[in-house]
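We use all heavy atoms of the structure for the numbers below, so side chains are in, but hydrogens, waters and symmetry mates are not. All ligand and atom numbering here is 1-based and tracks the order in the structure.
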Amino acid sequence: MDNKKIILSGIQPSGKLTLGSYLGAIKNWAELAEEYDCYYAIVDMHAITVRQEPAELRRTTLEQIAQYVAAGLDPEKNTLFIQSHVSAHAELGWVLSCYTMFGELSRMTQFKDKSAKNSENINAGLFTYPALMAADILLYQADLVPVGDDQKQHVEICRDIAQRFNGIYGDTFKIPEPFIPKIGARIMSLQEPESKMSKSDKTAGGCIYLMDKPEDILRAFKRAVTDSDTAVRYDPQEKPGVSNLMQIYAACSGKTLEAIAAEFDGRGYGDFKAAVGEAVVETLRPIREETTRLLGDKAYLESIYKSGAERAARAANRTLQKVYKKLGFVAK
Ligand code: TRP
């Protein structure tokens, strides 16, 4: 075994992947494979805390695996798997829910947001979600957890749960750190640049999906909200729309924010928005084409998630057995 640090992250298959999840997460993950031992889960068990249409959930899960690979995650170098295929997640999730306090869970902002949005279905799973997420992370003894800003609180509660458990039973879990990328950490809605680009965004044109057609992408950027000024200048407070477009352009083109400001100095927003749209189209084109090709190759996709689950289960079961023993469960 080598001594690479371990990374784990996950994305819910509750809808199509967005430009935000690509630039903010997957694109950065692809660069970590040489240096770290990386596990990436498609967290279908988390997704059912909100009602899902079964056929749609199955479709988006497979599409998400294909997109992970198409976006550059080499399945030989990264362990790509579906959460429900590794039963240790459910098992450790239950154990950890017994070491997670009601009061702690009540403070989670995502729980408050999601229960406000789903007032007819505030189920126990939505509430205990952070215990399952802690299990996802702790099973692999992850050092680093790449997440967006909105998930920092969940990584913090995971650390608290791990420390509590270690305090009672002795060293069991590695204490993970959140790993928040500098560029693309927060891609915002094109229509409401004060809120994160999200698949639950209902405003037309606010969210770009990886599989969107080029003409739809160009149109969405043409209509992106800016401001009444004309300067392409990075200032997230005063100019959230323009700053978001600059971030997107920087992530897609590799240019710096300063170079972008210079490129569009005195040219107005029309040219700028068109250029951002073009850059996004060219970034997503190969990913969309490769995803479509992979979705046609069911046997290959299956071989990826099956071998991913086997590898993941090997690592996860090692931790789970250690935990069961410490708890006093009789060995099988
Ligand atoms: N809660 C994360 C989200 O909604 C998804 C997630 C589940 C996750 N388990 C994880 C992220 C483990 C990182 C690590 O975006």
task: Write out the residue and atom name of the closest protein heavy atom to atom 9 (N) of ligand 1, then the distance separating them to 0.1 Å.
output: Asp136 OD2, 2.6 Å
message: Test your reading of the model: is there a side-chain donor-acceptor pair from Gln64 to the backbone of Ile11, 3.5 Å cut-off?
response: yes
field: Under 3.5 Å donor-acceptor, Lys273 side chain and Lys222 backbone
entry: yes
task: Considering only non-hydrogen protein atoms, determine which one is nearest to atom 5 (C) of ligand 1 and report residue, atom name and distance to 0.1 Å.
output: Gly10 O, 3.7 Å
query: Distance only, no hydrogens: is a donor on one side chain within 3.5 Å (strictly under) of an acceptor on the other, for Glu258 and Tyr234?
result: no
- request: May I ask you to say whether Lys298 pairs ionically with Glu302, meaning some side-chain N is under 4.0 Å from a carboxylate O?
  value: no
- prompt: With atoms numbered from 1 as shown, which atoms in ligand 1 lie under 4.0 angstrom from a non-hydrogen atom of Tyr129?
  reply: 1 (N), 2 (C), 3 (C), 4 (O), 5 (C)
- request: Under 4.0 Å from a heavy atom of Val145: give me the atoms of ligand 1 that qualify, with their elements.
  value: 13 (C), 14 (C)
task: Check the angle between the aromatic planes of Phe264 and Tyr249 and answer parallel, tilted or perpendicular using the 30° and 60° thresholds.
output: perpendicular
message: So if I count the atoms of ligand 1 from 1 in the order they appear, which ones are less than 4.0 Å from some heavy atom of Leu8?
response: 12 (C), 14 (C)
message: Quick test: of every protein heavy atom, which one is nearest to atom 2 (C) of ligand 1, and how far off is it to 0.1 Å?
response: Gln151 OE1, 3.3 Å
- prompt: Any N/O of Gln12 closer than 3.5 Å to an N/O of ligand 1?
  reply: yes
query: If only atom types and distance count, is the side chain of Lys326 paired as donor or acceptor with the main-chain N or O of Phe165 below 3.5 Å?
result: no
query: Is there a donor-acceptor pair under 3.5 Å between the side chain of Asn123 and the backbone N or O of Thr49?
result: yes
statement: The atoms of ligand 1 lying under 4.0 Å from a heavy atom of Ser9, numbered in the order shown, are 13 (C), 14 (C)
task: Considering the heavy atoms of Val43, write down every atom of ligand 1 situated less than 4.0 Å from one of them.
output: 7 (C), 9 (N)
task: Look at atom 7 (C) of ligand 1 and find which of His89, Lys114, His46, Gln110 reaches it with the closest heavy atom.
output: His46
task: Would you mind running through ligand 1 and noting each atom that sits below 4.0 Å from a heavy atom of Val147?
output: 13 (C)
task: Please check if the distance between the ring centroids of Phe81 and Tyr140 is under 6.0 Å.
output: yes
